[in-house]
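Every value quoted in this text rests on a predicted model; they were computed, and no experiment measured them. Order of the sequence lines sets the chain letters (A, B, ...), proteins ahead of strands, with each chain counted from 1.
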Amino acid sequence: MSALTIIYAVLFYAATVVLVGGVAYKVYVYASTPAPLKIPTTPAPTTRLGVVGRMLREVTVFESLFKSNKWIWLFGILFHFALLLVLLQHLRYFTQPVWGWVVLEQPFGIYAGFIMVAGLFGLWARRFLVDRVRYISNLSDHLMLALLVAIAVSGLTMKFVAHTNIIALKQFFLGLLAFQLQPLPADPILLIHLALVATLMIIFPMSKLLHAPGVFFSPTRNQVDNPREHRHVAGWSASINNPGGR
Amino acid sequence: MANFETPALREYPIIPLIHAGTMAHSKPFVAKAEYQQPLGFPGALVDNWESVAVKKLGELVEESRALRVFLDSCVKCGACTDKCHYYLGTSDPKNMPVARQDLLRSVYRRYYTLAGKFFPKLVGARDMTKDVLDEWYSYFHQCSQCRRCSVFCPYGIDTAEVSMAARDIMDTVGVGQKYSNEIIAKVHKIGNNLGLPEPALRNTLDGLEEDVKDETGVDVKFPLDEKGAEVLLITPSADFFAEPHIDGLIGYAKVFHQAGIRWTLSSHASEAANFSMFIGNHDNLHKVAIRIREAALDLGVKRIVVGECGHAWRVAYSFWNTLIGPFDFLDRNYPVPQHICEMTYDLIQRGALTLDRSANDGKIVTYHDSCNVARASRMGSMPGGQFVIPRAVIKASVNKFHDMEPGSIHESTFCCGGGGGLLTDDLMELRVKGAQPRMQALQHVVENHGVNYMAAICAICKTQFAKVLPYYQFPMDMIGSVHGLVSKAIQLGTKE
Ligand code: HEM
Ligand code: SF4
Ligand code: SF4
């Protein structure tokens, strides 16, 4: 087996461990950190079911963002939905036989790459053009967009310009899933694409990409507005013991 | 009036370009030791305060899921950048909510995240230095904790939580704010923000009874410490003698009188306000709130009703059950606690009050939604009841009512500019500039609908507006209590 194959195999195992382990750890930390007081941003739903609806609207149509800024919303929706389609489309490299709905999703997934790049450039342009957003942007915010653009562009290049040996690539990933090494094609663009993806996986749990799991744990969005009806206690507020009463 | 310029009111709201540092000089007076110690804080900056601050930050993050998620999740999308009234009024970029959070997030990243430990420059992480502390002191006292940013952030990141944490850390290292801490010390010692002792309070209430008698010929009572009353009224102490607050208190008394409800105030708990929320300290939050439970038990009341006060209603509605519950000793047929507007609204629905709208006919009224009522609590049983109920009470008391622009009311309401522990003369410039977005929306209804009266249900809003309205060429008595309108409209002697 070539050194290249071994390096990339190790890289992807490591990246997967960091991504899955890191996100699982963060989710555990969020879940086990108490929310001692009721702080939903009101008006808020008064039932659990209502909160599920609010959360679904936040993560599917970015409800709050729509209220605040139509440009960010537009670019954000384009980028995220395109990303989702692209990710689903990539399932074909990890499944044998390829699931039926993934086959049906193919045509959308392929062109979604362009939309993703468009959305990313829209977001990136704001970081230069809008003085307020320029002010709050750190180098890491630019690099994150650069990374995603580079992933998308290298991917699109393989799809539409310089085809890679997709059969061999799939063998490589199916091999990884079965813990058997299969040779990885030594195509430079592919190698760049894969290295960038692994980088993204590794930084995911230690960067602002934590917004994806984070949003579900945000107390201002996930709490039920019922403090008068139900006595809420957690963390320091659980140790309050008031004398008197009946 | 002062050495700063009052911002111009424009035809349409404009998002200003950033002007770095325009408010860097704004700082409230620092609390002396005598106001720090009663709250359990050191009297002056402690030795090795850097490590004390960093440790406290870690503890706060560990005990608050909100803080943890908020510090991790911000993607710097910029959606909140034009939502803060202090940014809109000052154009200082550090008053953009995300930039304000970053003052603390940068330190959190440096000490508690991998990226910040190894690549501080890359992710904007900073050491805890004296410059950083000074910057915190300035800009975390330019946040009224109004939560407007949290409405518009895709993850609901609430800068109020961040500024509460920052103030708690500053108190822990010995750098507290005079205005808030002096007031909390007074509550601990005397029982209310004004430091008004029991005999003075009784005197004031007797005086009010006489005034109302002179004006209406009716014996409307203002009872204090009356055991066995049905309702304990908890109201901000400003209601006892600040203008226009006092008209509100008279209004509550008339409503109780006409509805035949036996009520009382308490000298032990003669204050609804709980400034401990502003400084983010939960020991003080509990200590200030528990007086109300004690008073309710001692007086043997069945219900607790809360007067017109924004942050107090947040503490009462959202936190009391947690802090000073369970309320198993109260009548559960009524919400515990109940807002005075909820009570008046119910009485109106039941036909228990006679209101003559024409008594307010000189007034064309608009309503200012107070932040803490709008975005941190509720009234009634429906989400958004906090918008409907006060307006219904107003509309039952006046003939002419016009709302301000949609983007400046309900959950999008603009802060008065004086909330969150900033209602002090040493922050006058900030207060005037922060009021600009609200004044602009007011200007619109003044010009288009002839509005000449703005009603509110928050003691801080009322005081703040009475002070800043003149800066914008509005008369200071344009601001009033919702129950001041009820007080005018109610026809005593028709039901009782
Ligand atoms: C539950 C899933 C997710 C939700 C609800 C979500 C939501 C959002 C929202 C509302 C924004 C702000 C608007 C914008 O700038 O686009 C945002 C930004 C961003 N999201 Fe997500 N996201 C999710 C998953 C992901 C994932 C898996 C990635 C992975 C790469 C990602 C990458 C980004 C990036 C890079 C930004 C910042 C864009 C910029 O720099 O302006 N998101 N996300
Ligand atoms: S809206 Fe929320 S996520 Fe976006 S910059 Fe502001 S705080 Fe950060
Ligand atoms: S809570 Fe209010 S005052 Fe504070 S940053 Fe947000 S919008 Fe500004």
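When side chains are defined from C-beta on, A:R228 counts as touching B:P337, because their heavy atoms get closer than 4.5 Å. Residues B:F319 and A:P36 have side chains not in contact (no heavy-atom distance under 4.5 Å, counting atoms from C-beta outward). A 4.5 Å side-chain heavy-atom check between B:V151 and A:T41 finds at least one atom pair inside the cut-off. With a 4.5 Å cut-off on side-chain heavy atoms, B:R147 and A:T220 count as touching. For the pair A:P227 and B:N321, the minimum side-chain heavy-atom distance is 4.5 Å or more. Contact of the A:P43 side chain with the B:F387 side chain is registered, since non-hydrogen atoms from C-beta on lie closer than 4.5 Å.
Crowding of A:L129 atom CG: a count of heavy atoms from other residues, nucleotides or ligands under 6.0 Å exceeding 12. Heavy-atom contacts from other residues, nucleotides or ligands closer than 6.0 Å to OH of A:Y111 number 12 or fewer. More than 12 non-hydrogen atoms from other residues, nucleotides or ligands lie less than 6.0 angstrom from CZ of A:F94. Atom CZ of A:F114 sits in a crowded spot, with more than 12 heavy atoms from other residues, nucleotides or ligands closer than 6.0 Å. Within a 6.0 Å sphere centred on CZ of A:F121, heavy atoms belonging to other residues, nucleotides or ligands number 12 at most. Heavy-atom contacts from other residues, nucleotides or ligands closer than 6.0 Å to CZ of A:F108 number 12 or fewer. Heavy-atom contacts from other residues, nucleotides or ligands closer than 6.0 Å to OH of A:Y13 number more than 12.
Residue A:A238 does not touch chain B at all, counting heavy-atom pairs closer than 4.5 Å. Looking at B:F327, there are no atoms closer than 4.5 Å to chain A (heavy atoms on both sides), in backbone or side chain. For B:E161, the part sitting under 4.5 Å from any heavy atom of chain A is the side chain, from C-beta outward, and nothing else. For A:L143, the part lying near chain B is the side chain, with the backbone staying farther off; criterion is any non-hydrogen pair under 4.5 Å. Contacts of A:P34 with chain B are made by both backbone and side-chain atoms, with heavy-atom separations under 4.5 Å. Only the backbone of B:A374 comes within contact range of chain A, with at least one heavy atom under 4.5 Å from a heavy atom of that chain. Heavy atoms closer than 4.5 Å to chain B are found nowhere in A:R134, neither backbone nor side chain. In this structure, the portion of B:E62 lying under 4.5 Å from any heavy atom of chain A is its backbone and not its side chain. Residue A:V59 does not touch chain B at all, counting heavy-atom pairs closer than 4.5 Å. Interface remark: B:T113 contributes no atoms to any contact with chain A (heavy atom separation under 4.5 Å). In this structure, the portions of A:S218 lying under 4.5 Å from any heavy atom of chain B include both its backbone and its side chain. Neither the backbone nor the side chain of A:F62 has a heavy atom closer than 4.5 Å to any heavy atom of chain B.
Per-residue heavy-atom pair counts under 4.5 Å with chain A were compared for B:L323, B:D102, B:L114, B:I290, and the maximum is reached by B:L323. Chain B forms more heavy-atom pairs under 4.5 Å with one residue of A:D131, A:L210, A:N241, A:V133 than with any other, namely A:D131. Most heavy-atom pairs under 4.5 Å with chain B, from the set A:H230, A:R126, A:M206, A:H232: that is A:H232. Across A:F217, A:Y30, A:F216, the residue that shares the most heavy-atom pairs under 4.5 angstrom with chain B is A:Y30. Looking only at heavy-atom pairs under 4.5 Å with chain A, the residue among B:A99, B:C74, B:S377 that has the most is B:S377. Interface remark: of the candidates B:A20, B:S381, B:A66, B:A66 forms the most heavy-atom pairs closer than 4.5 Å to chain A. With respect to chain A, the highest number of heavy-atom pairs below 4.5 Å among B:L67, B:D158, B:D82 belongs to B:D82.
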*Between B:R378 and A:T46, is a side chain to side chain contact (heavy atoms under 4.5 Å, CB included) present by the stated rule, with each step listed?*
CA-CA 10 Å; B:R378 174 163 53 101; A:T46 53; 3.6 Å; yes
*Kindly determine whether A:M144 and B:K76 satisfy side chain to side chain contact (heavy atoms under 4.5 Å, CB included), including the steps that lead there.*
CA-CA 11 Å; A:M144 186 67 77; B:K76 311 292 167 80; over 6 Å; no
*May I have the step-by-step check of side chain to side chain contact (heavy atoms under 4.5 Å, CB included) for A:L37 and B:L285, ending in yes or no?*
CA-CA 12 Å; A:L37 292 171; B:L285 190 68; 4.2 Å; yes
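The minimum heavy-atom distance linking B:G78 with A:I136 is given by the pair CA-CD1, 3.8 Å. Shortest non-hydrogen contact noted between A:T42 and B:V373 is OG1-O, 4.4 Å. Between B:F152 and A:S68 the shortest heavy-atom distance is O-OG, 3.0 Å. Smallest separation of non-hydrogen atoms from A:T33 and B:S64: CG2-C, 3.5 Å. Scanning all heavy atoms of the two residues, the minimum distance from B:C153 to A:S64 falls at O-CB, 3.5 Å.
A:R132 pairs in a side chain to side chain contact (heavy atoms under 4.5 Å, CB included) with only one of the listed residues (B:I15, B:V98, B:L17), which is B:I15. A side-chain hydrogen bond (donor to acceptor under 3.5 Å, both in side chains) with B:D72 is found for exactly one of A:H211, A:K26, A:K208, namely A:K26.
Using cut-offs of 30° and 60° for the angle between ring planes, the B:H282 and A:W236 rings count as parallel.
One distance of note links CG of A:N242 with CZ of B:R293; it measures 4.5 Å at 0.5 Å rounding. Of the inter-residue distances, the one linking B:S318 atom OG with A:D225 atom CG reads 7.0 Å to the nearest 0.5 angstrom. Atom CD1 of A:I39 and atom CZ of B:R314 lie 7.0 Å apart (nearest 0.5 Å). To the nearest 0.5 Å, atom SG of residue B:C80 and atom CG of residue A:N69 are 10.5 Å apart. Atom OG of B:S150 sits about 5.0 Å away from atom CZ of A:R221, to the nearest 0.5 Å. Note that CZ of B:R68 is 7.0 Å distant from OG of A:S32, once rounded to the nearest 0.5 Å.
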